[in-house]
Amino acid sequence: MLTQKTTASLQRQSGIGRVIIFRSCVDSTNDTAFEQAGLSQDPHGLVVIADSQTRGRGRLGRKWESPPAGNIYLTVVLVPGFDHQDIPLLSLAAPVAAARAIHQTTGLDPSIKWPNDIEISGRKAGGILIEARRDNRQRMIVAAGIGINVNSPVHSLSRETSSIATSIQQALGRPVDRIVLIAALLAEFEKNYKFLLNGNKGALIESWISINSTIGKEISVRSGTNVITGLAVGISTRGELEIRMSSGTIKRVSGGDVSVIKKNVVNRTGP
Ligand code: BT5
């Protein structure tokens with residue numbers, strides 16, 4: 001169960017998880033994280049955890065359904081100690097941390113659909129929302145929001161969402177201790193954050209690639225009214241998805257929604 005007491009046990013000596021704030025219900029953990037960061041002298045590593053959200057959000061103002069008493073809704077506050085150009089790479093670091101933590105605690109093998117959906121057996125089990133703002137002290141504050149469907153029944157989601165979603169309990173056949181999963185998530189997040197801090201983008205990109213389910217597939221990426229179709233061939237050092245079009249040109253996209261057209265296309269880079 002997530003309570004003030006059980007979440008206090010997640011506190012780490014330094015870095016991510018240095019300060020843990022638990023609320024049973026919030027609008028959005030990202031909003032609470034920005035508020036709390038603004039009040040703190042040293043907000044880096046602060047983590048907000050909630051048992052439910054009334055206005056959980058996804059990218060582009062979409063809704064993140066956040067039923068109580070079973071799932072994970074948390075936000076890690078970062079004051080990036082690296083070049084701000086690399087902030088988009090946090091949207092690779094967060095899903096890698098989530099997927100690794102799920103694997104360590106359950107043995108399941110989640111995959112990441114670009115940019116940052118956590119999927120189990122092709123169904124969405126989690127999502128990431130990275131937001132960055134300058135606060136009134138002109139500090140760059142990043143809120144890395146992570147939602148994972150852990151134990152809440154998938155049928156408690158709307159009909160539309162439950163048709164594409166899954167949960168860890170559904171995939172595993174038994175419930176999972178959220179505290180154990182969050183502890184693994186915070187430790188993994190710290191590791192991946194350090195890759196960026198130490199300028200080791202390559203290691204982060206390699207980890208992301210080893211867990212992803214997008215590269216090597218014929219996909220289309222929709223971003224607003226713009227649709228790009230081609231073979232997903234790689235990730236740039238800025239976290240963009242590289243798509244080879246039928247003309248052979250490589251396009252890089254920094255955001256959007258991926259649909260898979262054809263699976264298991266052989267990834268040939270030559271003519
Ligand atoms: C995401 O957006 O996947 C990012 C979700 C981030 C949620 C966390 S929870 C903690 C923190 N606080 C917040 O307020 N947000 C973050 P996107 O890729 O735009 O996907 C949104 C879409 O996912 C929706 O339009 C639905 O189709 C689907 N969806 C909504 N709720 C879901 C759920 N619980 N499980 C699976 N899919 C869901």
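It should be emphasised that the depicted structure is a prediction, and the values quoted were computed from it without experimental measurement. When a ligand or atom number is given, it counts from 1 through the structure's own listing order.
Remark: ligand 1 and Gln53 share an N or O pair separated by less than 3.5 Å (distance only, no angle test). Every N/O-N/O distance between Tyr73 and ligand 1 stays at or above 3.5 Å. Checked by distance only, ligand 1 and Arg62 come closer than 3.5 Å through their nitrogen or oxygen atoms.
The shortest contact between atom 23 (O) of ligand 1 and any protein heavy atom is with Lys124 NZ, 3.5 Å. At the shortest separation from atom 27 (O) of ligand 1 among protein heavy atoms lies Ile164 CD1, 3.8 Å.
Ligand-side atoms of ligand 1 in range of Ala165: 36 (C), range being under 4.0 angstrom from any heavy atom. Remark: ligand 1 atoms within the under-4.0 Å shell around heavy atoms of Leu74 are 10 (C). Close approach to Arg59 involves these atoms of ligand 1, each under 4.0 Å from a residue heavy atom: 2 (O), 17 (P), 18 (O), 19 (O). Within the listing of ligand 1, atoms 11 (C), 12 (N) sit less than 4.0 angstrom from a heavy atom of Asn30. Within the listing of ligand 1, atoms 5 (C), 6 (C), 7 (C), 13 (C), 14 (O), 15 (N), 16 (C) sit less than 4.0 angstrom from a heavy atom of Arg57.
Taking the side chain as every heavy atom from C-beta outward, Arg100 and Lys191 never approach each other to under 4.5 Å.
Side-chain contact check for Ser24 and Asp51: no donor-acceptor pair (N or O, by modelled atom type) lies under 3.5 Å.
Qualifying side-chain contact (heavy atoms from CB on, under 4.5 Å) partners for Gln169, counting only residues two or more places apart in sequence or in other chains: Asn151, Ser167, Pro175.
If you chain together hydrophobic residues whose side chains sit under 4.5 Å apart, Ile120 and Leu185 fall into the same group.
Taking a 4.0 Å cut-off on heavy atoms, Asn149 registers as neighbouring ligand 1.
The ring of Phe195 has its center no closer than 6.0 angstrom to the ring center of Phe82.
With Asp257 as reference, Arg59 is the one residue of Arg59, Arg222, Lys113 to meet the salt bridge (charged side-chain N to carboxylate O under 4.0 Å, His left out) rule.
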